[in-house]
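Reviewing the structure listed below.
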Amino acid sequence: MSKVNLTVDLNGLELQNPVTTASGTFGFGQEYKNYVDLDKLGGVMVKGTTLQPKKGNPTPRIAETPAGMLNAIGLQNPGVDYFIEQILPEIKDKEFKTIVNISGNTIEDYAKLAAKLAKTEIDAIEINISCPNVKKGGLAFGTEADMAASVVQAVRAETSLPLITKLSPNVVDITEIAQAVEEAGTDIISLINTLLGMKIDIERQEPILANKVGGLSGPAIKPVAVRMVYQVAQAVDIPLIGMGGISTVEDAIEFFLAGANAISVGTANFVNPEVTMEILAGLEEYLNEHDYQDVNQIVGKAMNS
Amino acid sequence: MSKVNLTVDLNGLELQNPVTTASGTFGFGQEYKNYVDLDKLGGVMVKGTTLQPKKGNPTPRIAETPAGMLNAIGLQNPGVDYFIEQILPEIKDKEFKTIVNISGNTIEDYAKLAAKLAKTEIDAIEINISCPNVKKGGLAFGTEADMAASVVQAVRAETSLPLITKLSPNVVDITEIAQAVEEAGTDIISLINTLLGMKIDIERQEPILANKVGGLSGPAIKPVAVRMVYQVAQAVDIPLIGMGGISTVEDAIEFFLAGANAISVGTANFVNPEVTMEILAGLEEYLNEHDYQDVNQIVGKAMNS
Amino acid sequence: MAQRVIKEIIDQQKIGPGYFKLVIKVPEIVAQAKIGQFVHIKWVAEDSGADPLLRRPISLNRINPAEGTMTLVYRVVGRGTKVLSKLTAGDKLDIMGPLGTGFSISEDTNRVLVIGGGVGIAPLYPLVNELVKQNKEVILLLGAESAEEVIDLSSFEEFDLELKVATMDGSLGREGFVTDYLAELEQEIDYIYTCGPMPMMKVIRDWAIDSNVAGQASLEERMGCGTGACLSCVCQVKIDGKDGWTYKKACTAGPVFPLREVIFDE
Amino acid sequence: MAQRVIKEIIDQQKIGPGYFKLVIKVPEIVAQAKIGQFVHIKWVAEDSGADPLLRRPISLNRINPAEGTMTLVYRVVGRGTKVLSKLTAGDKLDIMGPLGTGFSISEDTNRVLVIGGGVGIAPLYPLVNELVKQNKEVILLLGAESAEEVIDLSSFEEFDLELKVATMDGSLGREGFVTDYLAELEQEIDYIYTCGPMPMMKVIRDWAIDSNVAGQASLEERMGCGTGACLSCVCQVKIDGKDGWTYKKACTAGPVFPLREVIFDE
Ligand SMILES: Cc1cc2nc3c(=O)[nH]c(=O)nc-3n(C[C@H](O)[C@H](O)[C@H](O)COP(=O)(O)OP(=O)(O)OC[C@H]3O[C@@H](n4cnc5c(N)ncnc54)[C@H](O)[C@@H]3O)c2cc1C
Ligand SMILES: Cc1cc2nc3c(=O)[nH]c(=O)nc-3n(C[C@H](O)[C@H](O)[C@H](O)COP(=O)(O)OP(=O)(O)OC[C@H]3O[C@@H](n4cnc5c(N)ncnc54)[C@H](O)[C@@H]3O)c2cc1C
Ligand SMILES: Cc1cc2nc3c(=O)[nH]c(=O)nc-3n(C[C@H](O)[C@H](O)[C@H](O)COP(=O)(O)O)c2cc1C
Ligand SMILES: Cc1cc2nc3c(=O)[nH]c(=O)nc-3n(C[C@H](O)[C@H](O)[C@H](O)COP(=O)(O)O)c2cc1C
Ligand code: FES
Ligand code: FES
């Protein structure tokens, strides 16, 4: 097997390879160290972080669905200060890029988070705009172009770190939101977050999740994610990190072909903790077999077919 | 097993039981006569019908996805006149209710379809508002409350037949659309139609569907569908027909508990052509085992849990 | 009348590289099956969830009403056929069938050309068997990648017919395309039957039009329902009329269509 | 160090109504396994698709380092365990383990009460075995629906300990709840271990608080990752501090927690 180039330059954020792990599914990386050679990952999006520590939702927090799962963790996390002081020192010397996923309920939350993180040694910020905007009656920031753009602008004003904005799929036209956040100054777009879903226990006759509704992830949502990556790739000029149901190298390649410059693996880590390493190996093999020298060569190939 | 009541009254549309088949997945009913005792079905939503005959999309028109499938049939159908003259006479004496699913690209299309069907012996019209509005650059009618409402009003003006409006799930807030069509005069709401998705052939490096994107259906989308039924049931006062991934009686019961007054089976017919009969039998059994006398007793039970 | 049954597999054998032969006893279906028809199947396993979801259409390779059995021959090309290939005697299969409109044989034809390519040879055995039984003069051309992939070769050799084989690797018969034989046919023929890869059938169709010979082709298209309800399996077929063609359903009007009327993805 | 391996099942037996015992050879995991730990497993079958999707956590019922084997005992309650129950010797299992923080045994305790209910008895065998080995005085209370569901009864009977059984149907031991024995305990005890249904453990916790006896309880919660990454498996545990409790992860900090600190869904 000849050597292929796997490094990707995401508008300034350089990854040693395009395989990253999705926020909320890989902890802070350390949790998977028995299964994964962490230094071989392109990047780790750490668990969604908020200004204050959060206890999260009551249990049950997850439910299994056909080829998918629902989660309503409720952003349990120790807060950004704890992250900076206690966790970051342990991961900052890793080869992978440390990307901090931030969540807030007001634009100020996001701005303050960015200001705090701007002074640290993290590699990028991922803005989770799927959170409810309390000032707008709980409507998620990511569902309206102007709200999404305001969040990005507020964060942009606080930091020169590479900014990734993570889009919510629960919208009519994802390209509209993508264009708005591009204009607002995000360097990169990641997509998709979870679809809103529910499962009901027919014996207890109530929703399984304590929170009633939760986010649908896993293979079930892959077709929606591929479609959105394909649409957004045509609508913006900035790089994309694609995710949603990626469980095999074949899935990952679908995303590259659809227009993703890098990919992120979420739920599949739970099913197979070694999946990221398998995808990495499989990706090299695919590129070799198809006579590519560089992973960037396949990005968006299905777009102009 | 003691006899339970399965008849449901959907705002004037009376079904002998709440098990119907989803438009586009059951032809005109006759196609399944070898597998299903058609006279035992509650209703059949016939294949999407348009004003003019339509050839539909090139093939491949379907693709398999994890626990789901994509379709881009492109509304192939012989046109409403052919339906009225050639097909309706063959099915109108069946015990099931014949519900005609109508699609258009302008509000006038829908109005004309309704006017033609109003004079026939069909039992209800189902308005498919997931179609692109050509005057609005192809945006689906069902993605904006006012567009959705206009379609319903236009159809309402032409007929006193029971009107079912079928919602698209590709929206931010399904309750907003539901309330708009309720106000516009629909008698019943059915939901959900398919989610927009895509699958890419990684060897040919292009989308599998000739149409590139298609509608995602099957078990994969069930959690999204249950969530939307649950939300809409709380937002409107008219009856709901729930669908999206129903493949077993357990699935069907989830929808009743979420607030559906009747259910519709789509993709599962392809997997198991006898599924509707199995759901019907299973439903009676569940009601019996849980000491209900009437299927209406379980409607919305998970709503106030 | 087509029906759905769940039955145990009697036997499954690997018969070539990625080729499998599966035997199952389904008297209900076999009793009604006609040559060129197919079944729409799904493996039934303990952990069968909703993934993979859909059935798979497979042609009838042997129809044995005396024993109530049918044989399916298939090639592993994706997940569904892979799963199928792992099943063994006793495992269950969920079968809908017999489905579709198969081959028809006209009394007026005498010298008949049958051309099969790759796994497309599978549905031809019952056809050839019937043609021979009806005392037609059969010229059978079989093409495949290699000798091992020429399905039912020994069975065909037992018939009284003219048999020619072409393989891409030259391991049996002539090296190259089976359609290369067309130019060399020495006798006039009355009718053509064919099943195989689309490029092969396209060449044959063009030849049939040029030679003014009618025939039938068995097509493949992705299927949802298998019963005519979903309109996923349509094939472009020429007709007289406004547009000159129409979509016909492979699962009911087909999979066998008039050869010269088929439009192959053009 | 926990790891992931895929290994063949050595044996699987039905041991009661819906109860199964599965033996598998995984020396890598067994060598490191401690009492009260669990494995996170997934069946591997030819047609394993993405449905069902997630792994299932199951406690270690026997840990045999000499043979490199472990035994899992489980009850069929849903789809995943149903699939699992159909596997036979030779079928493969994908195993992550050993996981979690199990039972710990203090030198200072002497007279120890162990209470198991239903399938919650499964992880208690290695614990009791160790307690007996360390010459503790063990009082073992087992509760189940019926005699057939008292896991490992004959093995426990071989130990030198005080054993009492309660079944709901009265088919073995006293009829009723195993916790009914609590009021009748004749001797003071130093420590409690328990695993079983939540209502049972709640009664035991309240009794432990009243009686001022420390102990450990093994909990169950739905798990995603099994490695501490997803935060789906959290349990409410009392702590000193602002709110008086915190969420702890059953997959890493647990599944065994200090009995008196557990808050059961209250
Ligand atoms: C009427 C008919 C008869 C057939 N008879 C045979 C036969 O006797 N032997 C044989 O080996 N094959 C036959 N085929 C083709 C066979 O159906 C496909 O090879 C099979 O469906 C592939 O399934 P898979 O899961 O392995 O592949 P995948 O690519 O994983 O399948 C994904 C989806 O695409 C569909 N699909 C993929 N390839 C085809 C294809 N060529 N035709 C139709 N659908 C396809 C599948 O059914 C499934 O829905 C026939 C097809 C038709 C339509
Ligand atoms: C640490 C730990 C150890 C366990 N040890 C054993 C054991 O030794 N023997 C045994 O029989 N059972 C044990 N369980 C419970 C066992 O994990 C569940 O019974 C099993 O996951 C149910 O799966 P299912 O597919 O049959 O049920 P389903 O209801 O179909 O499962 C759906 C989802 O819910 C989860 N789930 C359902 N019930 C439980 C439960 N009680 N606990 C955790 N997750 C659940 C499943 O894992 C799955 O994700 C243990 C649980 C935990 C957390
Ligand atoms: C348990 C769980 C927790 C998650 N937490 C977060 C989070 O904190 N922030 C965020 O942006 N996305 C979160 N996500 C969404 C994932 O990062 C990802 O976008 C989504 O799951 C789709 O990818 P997948 O199908 O590969 O899991 C979470 C997903 C899961 C399953
Ligand atoms: C092949 C196919 C064709 C469909 N055609 C139509 C249609 O013509 N009109 C319509 O309103 N919905 C159509 N639908 C959507 C279904 O009626 C249904 O809303 C959707 O598939 C979700 O249900 P399911 O998951 O049970 O299939 C079609 C779905 C499929 C799979
Ligand atoms: S497969 Fe559904 S119409 Fe042919
Ligand atoms: S199961 Fe994921 S944190 Fe415990």
Side-chain angles (χ1 to χ4, degrees), chain A residues 63 65-70 139-140 142-144 168-173 195-207 212-216 218-231 245 247 249-258 286 290 298 301-305, chain B residues 63 65-70 139-140 142-144 168-173 195-207 212-216 218-231 245 247 249-258 286 290 298 301-305:
Chain A
T65 69
M69 64 174 279
L70 293 166
L139 200 66
T143 58
E144 283 187 7
S168 160
N170 301 296
V171 298
V172 175
D173 181 2
L195 284 161
L196 205 59
M198 175 184 260
K199 182 171 177 179
I200 292 171
D201 182 326
I202 67 164
E203 291 307 322
R204 298 174 50 233
Q205 302 191 324
E206 57 185 45
K212 293 179 181 172
V213 298
L216 181 63
I221 69 168
K222 195 186 59 170
V224 175
V226 171
R227 182 262 296 182
M228 288 186 165
V229 167
Y230 181 86
Q231 290 178 321
S247 310
V249 67
E250 289 81 12
D251 296 340
I253 291 165
E254 269 198 78
F255 280 80
F256 289 117
L257 296 172
Y286 176 90
H290 293 75
I298 64 169
K301 274 229 113 185
M303 242 161 61
N304 308 311
S305 62
Chain B
T65 69
M69 64 174 278
L70 293 167
L139 200 66
T143 58
E144 283 187 7
S168 160
N170 302 296
V171 298
V172 175
D173 181 2
L195 283 161
L196 203 59
M198 174 184 261
K199 182 173 178 179
I200 292 171
D201 182 326
I202 66 164
E203 291 306 322
R204 297 175 52 231
Q205 303 191 324
E206 58 184 45
K212 294 180 181 173
V213 298
L216 181 64
I221 69 168
K222 195 185 60 168
V224 175
V226 171
R227 183 262 296 182
M228 288 186 165
V229 167
Y230 181 86
Q231 290 178 322
S247 311
V249 67
E250 289 81 12
D251 296 339
I253 291 165
E254 269 198 77
F255 280 80
F256 289 117
L257 295 172
Y286 176 90
H290 293 75
I298 65 168
K301 274 230 112 187
M303 242 161 61
N304 308 311
S305 63

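Sequence lines set the chain letters: A, B, ... in the order given, protein chains first and strands last, and positions in each chain run from 1.
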Worksheet item: How long is the gap from NZ on Lys212(A) to CE on Met303(B), to the nearest 0.5 Å?
Response: 10.0 Å

Worksheet item: Who passes side chain to side chain contact (heavy atoms under 4.5 Å, CB included) against Pro219(B), sequence neighbours left out?
Response: Pro66(A), Ala67(B), Ser247(B), Ala50(C), Leu53(C)

Worksheet entry | When Leu257(B), Leu139(B), Val213(B) are compared by non-hydrogen pairs under 4.5 Å with chain A, the top option | Leu257(B)

Practice prompt. For Ala258(B) and Ile200(A), work out which heavy atoms get closest and say how close.
Written response: CB-CD1, 3.5 Å

Worksheet item: Considering only heavy atoms, which portion of Gln231(B) lies under 4.5 Å from any heavy atom of chain A: side chain, backbone, both, or neither?
Response: side chain

Worksheet item: Taking all atoms of both residues into account, what is the closest heavy-atom pair of Gln205(B) and Lys301(A), and its distance?
Response: OE1-CD, 3.3 Å

Worksheet entry | Option that, when pairs with chain A are counted at under 4.5 Å, heavy atom only, ranks first among Glu144(B), Met228(B), Lys199(B), Lys222(B) | Lys199(B)

Practice prompt. Please flag which part of Leu195(B) lies under 4.5 Å from any non-hydrogen atom of chain A: side chain, backbone, both or neither.
Written response: side chain

Discussion item. Is any side-chain heavy atom of Tyr286(A) closer than 4.5 Å to one of Ile202(B)?
Written reply: yes

Response to the item:
Assert top hit (heavy-atom pairs under 4.5 Å, partner chain A, pool Ile221(B), Val229(B), Leu70(B), Val171(B)) equals Val171(B)

Worksheet entry | Non-hydrogen side-chain atoms of Val224(B) and Leu196(A) separated by less than 4.5 Å | no

Discussion item. Using every non-hydrogen atom in the two residues, find where Met198(A) and Val226(B) come nearest and quote the distance to one decimal.
Written reply: O-CB, 3.7 Å

Practice prompt. Heavy atoms only: give me the nearest Leu216(B)-Ala220(A) pair and the separation to one decimal.
Written response: CD2-O, 3.9 Å

Worksheet item: If you count heavy-atom pairs under 4.5 Å between each of Gly218(B), Gly197(B), Ser168(B) and chain A, which one has the most?
Response: Gly197(B)

Worksheet item: With a 3.5 Å cut-off and no angle check, do the side chains of His290(B) and Glu203(A) form a donor-acceptor pair?
Response: yes

Worksheet entry | Value rounded to 0.5 Å, distance of CG in Asp201(A) from CD1 in Ile253(B) | 11.5 Å

Discussion item. Suppose we screen for side chain to side chain contact (heavy atoms under 4.5 Å, CB included). Which residues come up paired with Ala225(B), at least two apart in sequence or across chains?
Written reply: Ile192(B), Phe255(B)

